[in-house]
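Counting from 1, the numbers follow the sequence of the chain as shown.
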Amino acid sequence: MEMKRKIKAYLVFTSLVYRIVVYLLVPASLAAIAFCTGSKLAEAGIVIAALLLTLAEILADNWLFGGIQTKDVAKLDYLRTSGRGMQFMRDALALDLLRRMLTAIGTMAACYLVIQIPGGARPRGDGMGRGTVLEAWMGEGLRSVQVLLYFAFLSYFISVLGTLITRFGSMLWMNMVTGYGAVVLMAVVMYALGLPESVLGTGMIFLGLDIIVSVLTVNTAMRKVEGSYCEK
């Protein structure tokens with residue numbers, strides 16, 4: 001019942017179009033991009049998908065919680081008639097972050113799987129057992145899972161950090177500029193780190209950062225919401 005209540009709180013903020021685009025079209029489109037690019041760029045298709053997912057999440061938030069951290073936000077009208085308005089809001093913010101994490105993990109996994117499909121599979125090297133650098137990055141089995149989580153945790157961290165910034169405004173151009181900046185930042189981080197030898201350890205570092213930025217994002221929004229609500 002508790003989770004059902006939280007999901008209901010979150011869905012209040014989402015329109016049918018938003019759900020179709022964010023829950024279905026974005027992941028499907030990124031998987032398609034990974035499939036198309038995988039035949040030429042190996043697992044770089046997954047890297048591209050991770051970058052685009054980060055941009056998509058920041059842009060989409062404008063239609064969900066855009067401007068929630070501004071002083072006067074129209075989306076708070078329902079709070080005036082709800083005695084549990086603050087908890088309702090916190091639940092919605094938390095569920096959005098959970099959805100983002102699941103989307104990141106699911107999308108990275110889907111991209112990896114479609115690359116294995118004949119026609120989308122990456123090059124296998126020159127016949128001497130030497131594959132592409134990215135193919136070596138991915139490896140097999142457990143390491144593949146670790147690499148996918150690494151990309152998912154990194155994408156989540158950058159997208160939530162960007163969202164934390166854009167919610168101080170309500171204009172779409174802020175999300176666009178921040179989104180492009182986030183993509184550049186993520187690309188720089190990927191280039192600087194490459195694929196760490198201890199990919200699991202690095203992934204766990206980003207998971208820790210994910211937790212920190214998630215708590216900061218929810219608490220920042222709640223402080224702004226509560227301040228705006230009390231003033232009204």
Side-chain angles (χ1 to χ4, degrees), residues 22 26-27 29-31 33-34 36-38 40-62 96-115 122 131-139 142-169 173-220:
V22 175
V26 169
S29 297
L30 294 179
I33 290 173
C36 294
T37 58
K40 297 181 179 180
L41 300 177
E43 279 79 12
I46 296 178
V47 175
I48 293 173
L51 292 170
L52 293 178
L53 177 61
T54 301
L55 174 62
E57 289 286 11
I58 294 174
L59 290 178
D61 189 72
N62 182 263
D96 177 59
L97 295 178
L98 176 60
R99 193 276 308 163
R100 287 183 185 227
M101 178 61 78
L102 294 178
T103 297
I105 295 174
T107 300
M108 294 302 99
C111 289
Y112 176 72
L113 290 175
V114 298
I115 284 178
R122 73 279 195 192
T132 63
V133 174
L134 285 173
E135 181 180 357
W137 280 8
M138 291 300 295
L142 181 60
R143 182 166 174 80
S144 296
V145 175
Q146 294 173 0
V147 172
L148 293 174
L149 290 177
Y150 165 74
F151 282 126
F153 293 160
L154 175 58
S155 175
Y156 176 91
F157 173 69
I158 300 296
S159 70
V160 175
L161 185 62
T163 296
L164 175 62
I165 296 172
T166 59
R167 287 179 180 174
F168 283 100
W173 67 265
M174 290 185 61
N175 294 72
M176 295 178 64
V177 172
T178 304
Y180 293 139
V183 169
V184 172
L185 174 60
M186 188 170 173
V188 170
V189 171
M190 286 182 171
Y191 179 80
L193 295 180
L195 196 76
E197 183 175 346
S198 178
V199 65
L200 178 60
T202 306
M204 290 302 98
I205 291 175
F206 277 110
L207 178 58
L209 292 174
D210 290 345
I211 295 173
I212 293 173
V213 76
S214 296
V215 173
L216 180 61
T217 298
V218 172
N219 288 344
T220 299

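The minimum heavy-atom distance between Tyr112 and Ser144, with the atom names listed, is OH-OG, 3.4 Å. Across all non-hydrogen atoms, the minimal contact from Ser155 to Ala50 is OG-O, 3.5 Å. The two residues Cys111 and Ala49 come nearest to each other via the heavy atoms SG-CB, 3.6 Å. Across every non-hydrogen atom of Gly162 and Thr178, the tightest pair is O-CG2, 3.6 Å. Residue Ala109 comes nearest to Leu148 through the heavy atom pair CA-CD1, 4.0 Å, listed as atom of the first residue, atom of the second, then distance. Across all their heavy atoms, Thr217 and Val213 have their closest contact at OG1-O, 2.6 Å.
Between the CG atom of Leu53 and the OH atom of Tyr156 there is a distance of 12.0 Å, given to the nearest 0.5 Å. For the atom pair CG of Leu185 and OG1 of Thr54, the computed distance is 9.5 Å after rounding to the nearest 0.5 Å. Summarising the geometry, atom CE belonging to Met190 is positioned 9.0 Å from atom CD1 belonging to Ile158; distances are rounded to the nearest 0.5 Å. Taking OG from Ser214 and CG from Asp96, the interatomic distance works out to 10.0 Å, rounded to the nearest 0.5 Å. The structure places CD1 of Ile205 at 8.0 Å from OG of Ser198, a figure rounded to the nearest 0.5 Å.
Residues Leu209 and Phe153 have side chains not in contact (no heavy-atom distance under 4.5 Å, counting atoms from C-beta outward). Contact annotation: the side chain of Glu57 approaches that of Arg99 to within less than 4.5 Å [non-hydrogen atoms, C-beta and beyond]. A heavy-atom distance below 4.5 Å is found between the side chains of Ile105 and Leu149.
Using a 30° and 60° split on the angle between ring planes, Phe206 and Phe157 fall in the tilted class, from 30° to 60°.
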side-chain contact (heavy atoms from CB on, under 4.5 Å) between Leu97 and Val160, intermediate numbers included: CA-CA 8 Å; Leu97 295 178; Val160 175; 4.0 Å; yes
side-chain contact (heavy atoms from CB on, under 4.5 Å) assessment of Ile165 paired with Ile58: CA-CA 10 Å; Ile165 296 172; Ile58 294 174; over 6 Å; no
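A side chain to side chain donor-acceptor pair (under 3.5 Å) with Asn62 is found for exactly one of Thr163, Asn175, Thr166, namely Asn175. Screening Val183, Ile33, Val26 for a side-chain contact (heavy atoms from CB on, under 4.5 Å) involving Leu52 leaves a single residue, Ile33. For the side-chain contact (heavy atoms from CB on, under 4.5 Å) test with Met108, the passing option among Leu113, Val147, Thr103, Ile46 is Ile46; the others fail.
The closest donor-acceptor contact from the side chain of Thr107 to the backbone of Ala104 lies at 3.5 Å or more, if one exists at all.
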